[in-house]
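One structure is given here, and the rest of the page talks about it.
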2 protein chains.
Amino acid sequence: MDTRDKILAAAKQLILKVGYNAFSFTDISVPLGIKNAAIHYHFHGKEALGCAVIRKEHENLFKWREEVAALDPWTKLDKFFTIYDSNLVHNRICMVGSISSDLYAVPKSMRECLHSMVVDISQWLTELMEEGRNTGFFHFNGSAESKAAVVVTGLAAGLQISRVLGPELFEQIKTQIKLDITPTKDDN
Amino acid sequence: MDTRDKILAAAKQLILKVGYNAFSFTDISVPLGIKNAAIHYHFHGKEALGCAVIRKEHENLFKWREEVAALDPWTKLDKFFTIYDSNLVHNRICMVGSISSDLYAVPKSMRECLHSMVVDISQWLTELMEEGRNTGFFHFNGSAESKAAVVVTGLAAGLQISRVLGPELFEQIKTQIKLDITPTKDDN
DNA sequence: AAACTTACTTACTCATAAGTAAGTAAACAA
DNA sequence: TTGTTTACTTACTTATGAGTAAGTAAGTTT
């Protein structure tokens, strides 16, 4: 991993831990043993770095979707939960939760990067909900779109509130999300 | 409303709009036509101001709970949604979402203030879910506690993601939350 | 009326953080 | 071997923001 990737990785962790506005170039440069100006060599400025972090996250999601494409709806959902679990253990929240809660305190370009990522996640989850219902794996009332919305928000704010109340909360949320889409014997 | 209350109100709006770390004393003093030092007269510093804002929000919740105590579960839930609606129209998020997403970028004392508020909200919503199920107004599987967790997270992150995708999302989430606790004819 | 309190303002200090201009050492290319 | 690009560092500027010490004007109390 070269310096550029290390900077991107460090910036990502910091955004998920303290937020975009609360980290400084020094928070990145000191652990990496480089100088602040080295970050400016790789990225125009903090705004460009922030955008690059979001775009990379979006790309990773894209690749991940291809990897899980062939799996059944329950396994897909479980694997999706796992992404959030990896943040939970480090007291980090998700990218969407971090940037959207600081939305009017980040540059416009970052808002745009986040927008296309959120649209993408929502579409994917909506399709998963639709697919799961059509194949009889899931059962729920209402539109797949609004069900997907309840699922993402549960996970996003689940990470946030788990920092306050403890990680058990997140386990409860995952369990409840599943219960709320589990078919009962009456559903035919 | 005296200067102290105006400062508290302005600080609250700013925390819900841009977050604790992104607002400055000038953002408060200029609109109020006072000087930065006047804020320091009323509050020790930014940390004390932040705590005062959270505590006042917690007190308001306390009073609100008493006002709605006698209402039926569905009306209570609808009134609870209304609190979030009032933030939605101004592109503001909720206090819990704002502070918890910046949790490691705010002073420890503010984390403690938030903790007691979150515990209180969770307990109230859990009791509402339990009461609603016991009286046959609501139906859901799983514990009232985890159902309450899904509801708060839906609302908290619902406001956040609605800033990115638009206010229709929040309407969908409210509808879906209700659908997910609405009894069907088979539930006896 | 003298002393004290309230509610500020003026004028500043101190710290931090982003950003930049100029320099350098090593690798690579012509 | 000379020139050029890569990947930085050094040293600096500029801005902003929290915080503070000292002063003041308008009441309030004794």
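Everything numeric in this text was worked out from a predicted model, so none of it was measured. Chain naming here is simple, since letters A, B, ... match the order of the sequence lines and numbering starts at 1 in each.
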### Query
Do the charged groups of A/Asp78 and A/Lys174 touch, with an N to O distance under 4.0 Å?
no

### Task
Enumerate the residue pairs fulfilling ring-ring contact (aromatic ring centres under 6.0 Å, His included) with a member in residues 103-130 of chain B, sequence neighbours excluded, ordered by first and then second residue.
B/Trp64-B/Trp124, B/Phe80-B/Trp124

### A/Leu128 and A/Glu131, any side-chain heavy atoms less than 4.5 Å apart
yes

### Message
Could you tell me if B/Lys46 sits above the aromatic ring of B/Phe23, with its cationic atom closer than 6.0 Å to the ring centre and no more than 45 degrees from the axis?
### Response
yes

### Task
State, to the nearest 10°, the angle formed by the axis through the first five base pairs of the helix from C/dA1-D/dT30 to C/dA30-D/dT1 and the axis through its last five.
0°

### Query
Is it the case that B/Gln172 and A/Ser146 place a side-chain donor and acceptor less than 3.5 Å from each other?
no

### Query
Is it true that A/Lys147 and A/Glu130 have a side-chain N and a carboxylate O under 4.0 angstrom from each other?
no

### Under 4.0 Å protein heavy-atom contact, by nucleotide of nucleotides 6-22 of chain C - B base, S sugar-phosphate only
SBBBB------SSBB--

### Message
Nearest 0.5 angstrom please: B/Ile121 CD1 to B/Leu114 CG, how far?
### Response
8.0 Å

